[in-house]
Structure formats: structure tokens, C-alpha cells
Amino acid sequence: MEHRIRITPEAEVADIEQVSALITRCAQAALEAEQAPEGCFVDVTIVDGDTIREINRQNRDKDAVTDVLSFPMLEFYNGEWPENVDIERNPEDHSLFLGDMILNYDRAVEQAEEYGHPVERECGFLTVHSMLHLLGYDHERSEEERRIQRKHEEAVLSKLGLSRETDQFEK
């Protein structure tokens, strides 16, 4: 059973097929790097700034536009899979729902321009960043936790050809 990444665009994205393929590839790579058990499922919704601002306000009491939000369904700590994770599987299809990712693609485009790297790198980074949040990493806990999460992010992005050192998007 393969991992399943469901992508629902609720905002206008001109090259949605390419963006969806990139998000899927990055999410799959993060799951592989974190040794995810078979059959993980992640729901990704692509939204605009107004929508993510409202979601951020409702769920985090932060009235601000952001780039990506993660809503984990399972409790992890830095990618350590719980021993009893299989009891969380959907009895109908045996999938393991990890949670929701809400991606503001417009903000990814803006940030890519700000940082001077390709949109693919920024979108890839945000996807991997969010996936690691779904797996229990949290850069907001401490400086050490931030370093740990960044190390894992860059390892996945490097494997995908999207690291900061290479400003090339490799398929």
C-alpha cells in the first residue's frame, strides 16, 4: 500500500498539475526519509491569503497571512513513530491519516522572489516543512528543536535536488 497525498486546489494555480506533482513528490520523500509505515494519507489544500489568514485566526488566534499550516492527527515527537500507530488506521482502507496541510501557494511565490530562489524550491520547502510538523517536529519548541527540524528538512530537500545550495529545480 503506497502513501496517498490528496491535493485540493481552492485557489487559482496556473500550473496546478506541476505544482501537485511537486507537492506529492516532496511529501512522499519526507515520508520515506522518516521511515513512515505503508499507507499514510495526507490531505493538502491549496488556498489563497485570505483563506489561510481566516484559518490561522480561527485555529491559532493569529490574525495574519502565513505560508503553510499543519494540523497533525497523531501525536509524534520528532518523527518517532508510536508503537501502537496501527490502531489509528482507517478500518475501511487501512490508511493512516497523518493530518492536513494548508498551503498558501501565492505566498510561496512571493517568498521565492524575496529569497531569490525558484518557486519550486519554496513550495518544496513548505511541503517538507509541513510534513515534518505532521510527524511531530516543531521548530517553535526551542532553538535545538529548530536546528533538528531544519536538518531534516534540508536532508529531504537535498535528496530532491531542492536544497539551498542548488538553485536548480531537478525533476
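Index from 1, following the sequence. Please read all numbers here as calculations on a predicted model, not as lab measurements.
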What closest approach, in Å, do [X] and [Y] show between heavy atoms, and which atom pair accounts for it?
X	Y	result
Ala112	Val119	CB-CA, 3.6 Å
Phe125	Glu153	CE1-OE1, 3.2 Å
Arg141	Gly136	NH2-O, 2.9 Å
Trp81	Cys40	CH2-SG, 3.9 Å
Tyr137	Asn78	OH-O, 3.1 Å
Asn104	Gly49	ND2-CA, 3.5 Å

Next item on the list: For side-chain contact (heavy atoms from CB on, under 4.5 Å), just list the numbers for Val156 and Cys26, CA-CA rounded to whole Å, side-chain angles, deciding distance to a tenth of an Å, and then say yes or no.
Entry: CA-CA 8 Å; Val156 174; Cys26 292; over 6 Å; no
Same cluster or not: [X] versus [Y], using hydrophobic residues (I, L, V, M, F, W, Y) connected whenever any side-chain heavy atoms lie under 4.5 Å apart?
X	Y	answer
Val13	Val109	yes
Tyr105	Phe71	no
Leu162	Tyr115	no
Leu96	Val44	yes
Leu132	Ile102	no

Next item on the list: Given side-chain contact (heavy atoms from CB on, under 4.5 Å), test Arg25 with Leu22 step by step and report yes or no.
Entry: CA-CA 5 Å; Arg25 192 167 63 98; Leu22 174 68; 3.8 Å; yes
Next item on the list: Please determine, by modelled atom types, if Glu38 and His94 share a side-chain donor-acceptor pair under 3.5 angstrom.
Entry: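 There is no such pair between these side chains.
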Item checked: Asp15: salt bridge (Lys or Arg N to Asp or Glu O under 4.0 Å) partners, not counting sequence neighbours ->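 Residues passing salt bridge (Lys or Arg N to Asp or Glu O under 4.0 Å) with Asp15: none at all.
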Margin query: Which residues pass the salt bridge (Lys or Arg N to Asp or Glu O under 4.0 Å) test with Glu110, not counting sequence neighbours?
Written below: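 Only Arg107 meet the salt bridge (Lys or Arg N to Asp or Glu O under 4.0 Å) criterion with Glu110.
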Rounded to the nearest 0.5 Å, what separates atom [atom1] in [X] from atom [atom2] in [Y]?
X	Y	atom1	atom2	result
Leu98	Leu134	CG	CG	6.5 Å
Leu103	Thr127	CG	OG1	5.5 Å
Met131	Ile23	CE	CD1	11.5 Å
Asp50	Ile55	CG	CD1	11.0 Å
His117	Glu122	NE2	CD	4.0 Å

Check: For the side chain of Ser130 and the backbone of Leu126, is there at least one donor-acceptor N/O pair under 3.5 Å apart?
Finding: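 Answer holds: no.
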Margin query: Main chain of Ser95, side chain of Asn90: is a donor-acceptor contact present, judged purely on distance under 3.5 Å?
Written below: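 No; zero donor-acceptor contacts below 3.5 Å.
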Note to self: Once side chain to side chain donor-acceptor pair (under 3.5 Å) is applied, do any residues pair with Asp86, and if so which ones, sequence neighbours excluded?
What the structure shows: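 By the side chain to side chain donor-acceptor pair (under 3.5 Å) rule, Asp86 matches Arg89.
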Test item: [X] and [Y] side chains (from C-beta on) under 4.5 Å apart, heavy atoms:
X	Y	value
Leu69	Asn59	no
Glu12	Asp106	no
Asp100	Thr45	no
Met73	Glu88	no

Under 6.0 Å from the [atom1] atom of [X], do we count more than 12 heavy atoms belonging to anything else shown?
X	atom1	value
Glu54	CD	yes
Gln58	CD	yes
Glu114	CD	yes

Next item on the list: Would you list the pairs meeting ring pair (Phe, Tyr, Trp, His ring centres under 6.0 Å) in which at least one residue belongs to residues 12-69, sequence neighbours left out?
Entry: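 For residues 12-69: Phe41-Phe97.
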Checklist line | All pairs passing salt bridge (Lys or Arg N to Asp or Glu O under 4.0 Å) where residues 39-49 contributes a residue, at least two apart | finding: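 Every pair satisfying salt bridge (Lys or Arg N to Asp or Glu O under 4.0 Å) with a residue in residues 39-49: Arg6-Asp43.
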Check: Between Glu34 and His152, does a side-chain contact (heavy atoms from CB on, under 4.5 Å) hold up when you go through it step by step?
Finding: CA-CA 9 Å; Glu34 294 298 318; His152 285 256; 2.9 Å; yes
Margin query: Checking side-chain contact (heavy atoms from CB on, under 4.5 Å) between Arg147 and each of Glu143, Arg150, Glu145, which is the one that passes?
Written below: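 So, applying the side-chain contact (heavy atoms from CB on, under 4.5 Å) to Arg147 and each of Glu143, Arg150, Glu145, only Glu143 qualifies.
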Item checked: Option from Ile46, Val68, Val47 for which side-chain contact (heavy atoms from CB on, under 4.5 Å) with Ile52 holds ->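 Passing option: Val47.
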Notebook entry, point to check: Which hydrophobic side chains are connected to Tyr77, either touching it within the sub-4.5 Å cutoff or through other members that do?
Noted result: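 Members other than Tyr77 - counting any ILVMFWY side chain reachable under 4.5 Å - there are none.
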Check: Do the ring planes of His133 and His129 sit parallel (below 30°), tilted (30 to 60°) or perpendicular (above 60°)?
Finding: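 Rings of His133 and His129: perpendicular, over 60°.
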Next item on the list: Could you walk me through whether Leu31 and Ile5 pass the side-chain contact (heavy atoms from CB on, under 4.5 Å) test, one step at a time?
Entry: CA-CA 11 Å; Leu31 290 170; Ile5 312 301; 4.2 Å; yes
